[in-house]
Visitor: 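What follows is a single structure, and I will ask about it in a moment.
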Amino acid sequence: MADDKIVGLDIGTSVIRVAIGEIDPETGNLQIAGTASRKSAGLRNGVIVNIEDAKNAIKEAIDAAEQNAGTTVESVITAIGGSQIESQNSRGTVPVSSTNKSTKEISRADVERVIECATAIKVPDDREKLHVIPQNYIVDGVGGITDPIHRMGTRLEAEVHIVTSAKTTIQNIRSCISRADYTLDGVMLKTLAQTQSVCHQDELDMGSIVIDLGAGTTDVLVLLNGAPVSTASVPVGGNLVTNDIAVVTSIPFATAEKIKVEYGCCWSNNITDENDLEVILPGVGGRDPDVVKQSQICQIIQARMEQIFTMVKAAIVKNTNDSIKQLSGNIILTGGGAMMDGVIELAQNVFKTSSVRLGVPENLGGIEEDYRRPDFATVIGLVMANKTLVQGRDTRKKSRSPVSKKTKQKSGESVIKKIFKSFF
């Protein structure tokens, strides 16, 4: 990756998306130089099942982004989600150490020790830690502290959110990207990356929910007081909606997907007698084409989408316990499913709140603005979250010898964890 370039890669179940960000060396501003999206292959429900097919799809998407940006890509940062992700909250306590025992001023070393203590949990051999995010610091029983450094105290506690992933999933991602001749700079949780591109600080502080409506899975991140409190994944997504249309109308899956994209609506109140369009269903095996109303397609879609939102709501209640009562921000919808007509109204109905909005990435400038859509929230979030990583790379490279791919990957992942600690 060039010193002034950040490449985000979202390997989705149905679509692979790429965003290339560049940093102006004079102003330090980030802008999107090019984006691309291509049909995915080799994935099922967010998991790579065919490395060769996935590799080819990744290569095709990055090639398209390179052409749009007029540049070349050497390395990428990607995201992960789905059922392979697990999370838990943990807590650690350490005494404050100080050379001057009369002051007991908390130092950065004390903070590092308490984080290490909080993360000293048993992780199964088949899993690895992806993120460790501080939620809250407590000094001598007083909580709600975001930065304890230089405070006086004798006992320091930390509450952290730990995200883990299946090792094989990371290995498969690394293998695909390596076979496509790119270097993997790091892997992030999808919904965590999305918070960088679609969430406002007041939403993080007040408590909000990010719901990523993907094709294979629906992922959820609950935030409170500026930090994640839980993550969850529901093993259903937009592909199941498409399958329902295909089964009920007896048409091929690909045709059902096209109809969903062109005529899909998941809130029946948005369709009236005046705007109820006719939808042509192509004949199969010599059968004559059929014509149905858009409202009939809506009935199929709404039933499944309502079920998905209901499952998401149940997962949130289960994982957040009493924390859900403190949420007063917004429900933010991202992913391809968030682009469907009526999705906000349906979510408002299921969650019994009017505080629902689409997660649209902010305008970062550049020659195109096609990325300002909910389905690009992940790749734009990856680029924004790693701006600090790129800005700090130039001086480091000048003072060290080249490193191997393996070393570079480890270094990148370690820095990313530190970046997220500073964000939250």
Side-chain angles (χ1 to χ4, degrees), residues 12-13 44-47 80-90 133 135 161-166 189-192 194-195 198-199 203-204 206-225 227-244 264 266-268 298-338 340 342-359 374 377-378:
T13 301
R44 182 180 299 119
N45 294 335
V47 178
I80 188 174
S83 59
Q84 58 267 34
I85 292 295
E86 294 179 0
S87 69
Q88 67 180 94
N89 297 318
S90 183
I133 309 164
Q135 298 172 315
H161 186 68
I162 303 172
V163 180
T164 66
S165 171
L189 178 65
K190 287 186 65 173
T191 47
L192 198 54
Q194 291 173 1
T195 62
V198 303
C199 291
E203 290 178 316
L204 301 178
M206 295 172 64
S208 297
I209 302 171
V210 177
I211 302 177
D212 179 22
L213 297 165
T217 62
T218 301
D219 296 339
V220 185
L221 180 67
V222 181
L223 302 126
L224 180 62
N225 297 324
V229 294
S230 76
T231 61
S233 181
V234 176
V236 290
N239 281 352
L240 197 57
V241 175
T242 304
N243 187 69
D244 287 347
C266 60
W267 187 244
S268 59
C298 178
Q299 290 176 4
I300 301 171
I301 296 175
Q302 183 170 337
R304 183 62 75 181
M305 290 294 293
E306 185 172 353
Q307 181 195 33
I308 291 174
F309 278 129
T310 301
M311 294 173 68
V312 167
K313 184 178 180 180
I316 292 170
V317 172
K318 177 182 177 182
N319 293 339
T320 57
N321 299 321
D322 292 335
S323 297
I324 194 171
K325 299 177 183 178
Q326 305 175 50
L327 304 180
S328 56
N330 288 322
I331 294 174
I332 304 164
L333 306 178
T334 63
M340 184 180 295
V343 69
I344 291 179
E345 292 86 348
L346 180 60
Q348 289 174 334
N349 184 65
V350 173
F351 287 93
K352 307 303 178 186
T353 177
S354 60
S355 301
V356 181
R357 71 173 182 86
L358 295 183
T378 297

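Owing to the predicted nature of the structure, the values given are computational and were not obtained by experimental measurement. In this chain, residues are counted from 1 in sequence order.
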Visitor: What donor-acceptor contacts under 3.5 angstrom involve side-chain atoms of residues 81-89, with partners at least two apart or in another chain?
Guide:
| unit_1 | atom_1 | unit_2 | atom_2 | d |
| --- | --- | --- | --- | --- |
| Gln84 | NE2 | Gly46 | O | 3.4 |
| Gln84 | NE2 | Gly81 | O | 2.9 |
| Ser87 | OG | Thr231 | N | 3.4 |
| Ser87 | OG | Thr231 | OG1 | 2.7 |
| Asn89 | OD1 | Gln135 | NE2 | 3.0 |
| Asn89 | OD1 | His161 | ND1 | 2.7 |
| Asn89 | ND2 | Val229 | O | 3.0 |

Visitor: Passes side chain to side chain contact (heavy atoms under 4.5 Å, CB included), Leu358 versus Ile344? Steps please.
Guide: CA-CA 7 Å; Leu358 295 183; Ile344 291 179; 3.7 Å; yes
Visitor: State the CD-OG distance between Gln302 and Ser268, to the nearest 0.5 angstrom.
Guide: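 With rounding to 0.5 Å, CD (Gln302) is 4.5 Å from OG (Ser268).
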Visitor: Quick check: closest heavy atoms across Phe351 and Ile316, and the distance to 0.1 Å?
Guide: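 For Phe351 and Ile316, the tightest heavy-atom pair comes out as CE2-CD1, 4.1 Å.
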Visitor: Under 3.5 Å, side chain of Ser233 to main-chain N/O of Asp219, donor-acceptor pair present?
Guide: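 Absent.
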Visitor: So which heavy atom on Asn45 is nearest to which on Gly216, and how close?
Guide: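 Of all heavy-atom pairs spanning Asn45 and Gly216, the closest is OD1-O, 3.5 Å.
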Visitor: Run the numbers on Val343 and Trp267 for side chain to side chain contact (heavy atoms under 4.5 Å, CB included), then give the verdict.
Guide: CA-CA 7 Å; Val343 69; Trp267 187 244; over 6 Å; no
Visitor: Between Asp212 and Lys190 (salt bridge meaning N to carboxylate O under 4.0 Å), is one present in this structure?
Guide: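 The answer is yes: the pair qualifies as a salt bridge.
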Visitor: Taking the side chain as every heavy atom from C-beta outward, state whether Thr13 and Arg44 have any pair of such atoms under 4.5 Å apart.
Guide: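 They are not in side-chain contact.
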Visitor: Could you grab the distance from atom OG of Ser354 to atom CD of Glu345, nearest 0.5 Å is fine?
Guide: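 If I round to the nearest 0.5 Å, the distance is 12.0 Å.
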Visitor: Which atoms form the tightest heavy-atom contact between Thr320 and Ser230, and what is the distance?
Guide: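 Result for this residue pair: CG2-OG, 3.2 Å.
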Visitor: Can you tell me how far CD of Glu203 sits from CG of Leu223, rounded to the nearest 0.5 angstrom?
Guide: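 One finds 9.5 Å between CG of Leu223 and CD of Glu203.
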Visitor: Given the rule in the side chain to side chain contact (heavy atoms under 4.5 Å, CB included) test, do Ile211 and Ile331 qualify, once you have shown the distances and angles that lead to the verdict?
Guide: CA-CA 7 Å; Ile211 302 177; Ile331 294 174; 3.7 Å; yes
Visitor: Please check if the side chain of Thr353 supplies one atom and the backbone of Ser355 the other of a donor-acceptor pair under 3.5 Å.
Guide: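 Checked: pair present.
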Visitor: To the nearest 0.5 Å, what is the distance between CG (Leu204) and SG (Cys199)?
Guide: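 These two atoms lie 5.0 Å from each other.
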Visitor: Would you indicate whether the side-chain heavy atoms of Leu240 and Arg304 approach each other to under 4.5 Å?
Guide: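 A side-chain contact exists here, since the closest heavy-atom pair is under 4.5 Å.
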Visitor: I'd like to know if Glu306 pairs up with Lys313 as an ion pair, taking the criterion as any Lys NZ or Arg NE/NH1/NH2 lying under 4.0 Å from an Asp or Glu carboxylate oxygen.
Guide: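 Lys313 and Glu306: not salt-bridged.
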Visitor: Drop me the distance from Met305's CE to Asp244's CG, to the nearest 0.5 angstrom.
Guide: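 Between atom CE of Met305 and atom CG of Asp244 there are 11.5 Å.
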Visitor: How long is the straight-line distance from OG1 of Thr195 back to CG of Leu221, given to the nearest 0.5 Å?
Guide: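 So the CG of Leu221 and the OG1 of Thr195 are separated by 6.5 Å.
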Visitor: What heavy-atom pair brings Leu333 and Phe309 nearest, and what distance separates the two atoms?
Guide: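 Result for this residue pair: CD2-CE2, 4.1 Å.
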Visitor: Test your reading of the model: is there a side-chain donor-acceptor pair from Thr218 to the backbone of Gly214, 3.5 Å cut-off?
Guide: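 No, the answer is negative, given that no donor and acceptor are paired below the 3.5 Å cut-off.
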Visitor: Looking at Ile332 and Gly359, what are the two nearest heavy atoms and their distance?
Guide: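 Heavy atoms of Ile332 and Gly359 come nearest at CG2-CA, 3.6 Å.
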Visitor: Considering all heavy atoms of both residues, which atom of Ser208 and which atom of Leu327 are nearest to each other, and what is their separation?
Guide: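 The pair with the smallest heavy-atom distance is N-CD2, 4.2 Å.
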Visitor: Any side-chain heavy atom of Thr334 within less than 4.5 Å of one from Val210?
Guide: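 A side-chain contact exists here, since the closest heavy-atom pair is under 4.5 Å.
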